[in-house]
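Values reported hereafter were calculated over all heavy atoms of this structure, with side chains retained and with hydrogens, waters and symmetry mates removed. Chain letters run A, B, ... following the sequence lines, proteins first, then strands; residues in each count from 1.
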Amino acid sequence: MTPDFKHSPVAVAQQLLGWTLLVDGVGGVIVETEAYDVDDAASHSFKGPTARNGTMFGPPGRAYVYLSYGLHWCLNFVCREKGHGAAVLLRALEPTHGMDVMSERRRTTQPRLLASGPGRIGQALGINKALDGLALDRPPFELLVPTKAVEIASGARIGITKAAELRWRFGVAGSPFLSRRFD
DNA sequence: CTTTCGATGATCT
DNA sequence: GATCATCGAAAGG
């Protein structure tokens, strides 16, 4: 069973909460996401296809990886349909698999600091440009179905200046592994 | 608790 | 040349 990526990024962002994401067996439960769409001024896809965002305009169910601020690799899941330009940014995981590997990569043993933030996920899971465009239902990726229902909180997206009024950030209410609290 | 700031480099104008 | 979907350390209340 895999998530259904052929929906709006807002729907997919909520649907993904509670799924477990692994890269080469390392990862945890998705507890925070953000939606980005093509008519959304904050989205990389807003101005149409470019060299960087090409994967966002490819088929859904693939990884879109980009380098943020010159040093942080961030992971997105492409959604909607081929050519559309929508994706969901993974913002925080609750670490469950391969804690030792993540601790080594992150240079901390505090579970809270392993993967609570998009750049931290990238470092903890070993994300890099080589993963850009790869399908999410095949190795090194693995997605495990949620075991429990989750209560969803929403709020404004973090770190953007355009389309800041949209409340397209979603998270598992009350999770201690969020990158920030919801208001 | 909060705010500020440097690191660091690809991308786009 | 400016911007940027970030992080961590440092400084201030």
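None of V172(A), V29(A), V31(A) except one satisfies the side-chain contact (heavy atoms from CB on, under 4.5 Å) rule with V150(A); the exception is V172(A). If you run side-chain contact (heavy atoms from CB on, under 4.5 Å) between F5(A) and each of L136(A), V88(A), D137(A), only L136(A) comes through.
Contacts with DNA chain B (heavy atom under 4.0 Å) in residues 161-183 of chain A: none are found. Residues from residues 89-101 of chain A placing a heavy atom under 4.0 Å of any atom in DNA chain C, listed by number, are L89(A), R91(A).
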Secondary-structure string, 5' to 3', Watson-Crick or G-U under 3.5 Å, | for another-strand partners, for DNA chain B: |||||||.||||.

Nucleotide-resolved protein contact map, nucleotides 7-13 of chain B, B/S/- at heavy-atom distance under 4.0 Å: BBB-SSS

Reading 5' to 3' through nucleotides 8-13 of chain C, protein heavy-atom contacts under 4.0 Å coded B for base, S for sugar-phosphate only, - for none: S-----

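Counting to the nearest Å, the P atom of dA5(C) and the CG atom of D40(A) are 11 Å from each other. Per the geometry, CD1 belonging to I127(A) stands 15 Å off C1' belonging to dA5(C), to the nearest Å. Protein atom OH of Y66(A) is 13 Å distant from nucleotide atom C1' of dT3(C), rounded to whole Å. Here dA5(C) presents its P atom at 17 Å from CD1 of I121(A), a figure rounded to the nearest Å. Atom CH2 of W73(A) is separated from atom P of dA5(C) by 15 Å (rounded to the nearest Å).
Of all heavy-atom pairs between P9(A) and C79(A), the closest is CA-SG, 3.5 Å. Between S179(A) and R169(A), the shortest heavy-atom distance links the atoms OG-NH2, 3.9 Å. The two residues Q15(A) and P3(A) make their nearest non-hydrogen contact at NE2-CA, 3.5 Å. Listed here is the closest heavy atom pair of V10(A) and F170(A): CG1-CZ, 3.7 Å.
Using a 4.5 Å cut-off on side-chain heavy atoms (C-beta onward), L21(A) and L125(A) make contact. Counting only heavy atoms from C-beta outward, the side chains of L93(A) and F177(A) never approach each other to under 4.5 Å.
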List the atom pairs, donor and acceptor, that lie under 3.5 Å between side-chain atoms in residues 63-75 of chain A and the rest of the protein, sequence neighbours left out.
unit_1	atom_1	unit_2	atom_2	d
Y64(A)	OH	H44(A)	ND1	2.8

Derivation and outcome, side chain to side chain donor-acceptor pair (under 3.5 Å), residues R91(A) and T33(A): CA-CA 5 Å; R91(A) 285 201 55 94; T33(A) 57; over 6 Å; no

Worked verdict on E34(A) versus R157(A) for salt bridge (Lys or Arg N to Asp or Glu O under 4.0 Å): CA-CA 7 Å; E34(A) 278 178 2; R157(A) 293 175 294 182; 5.4 Å; no

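When only modelled atom types and interatomic distance are considered, R106(A) and Q123(A) share a side-chain donor-acceptor pair under 3.5 Å.
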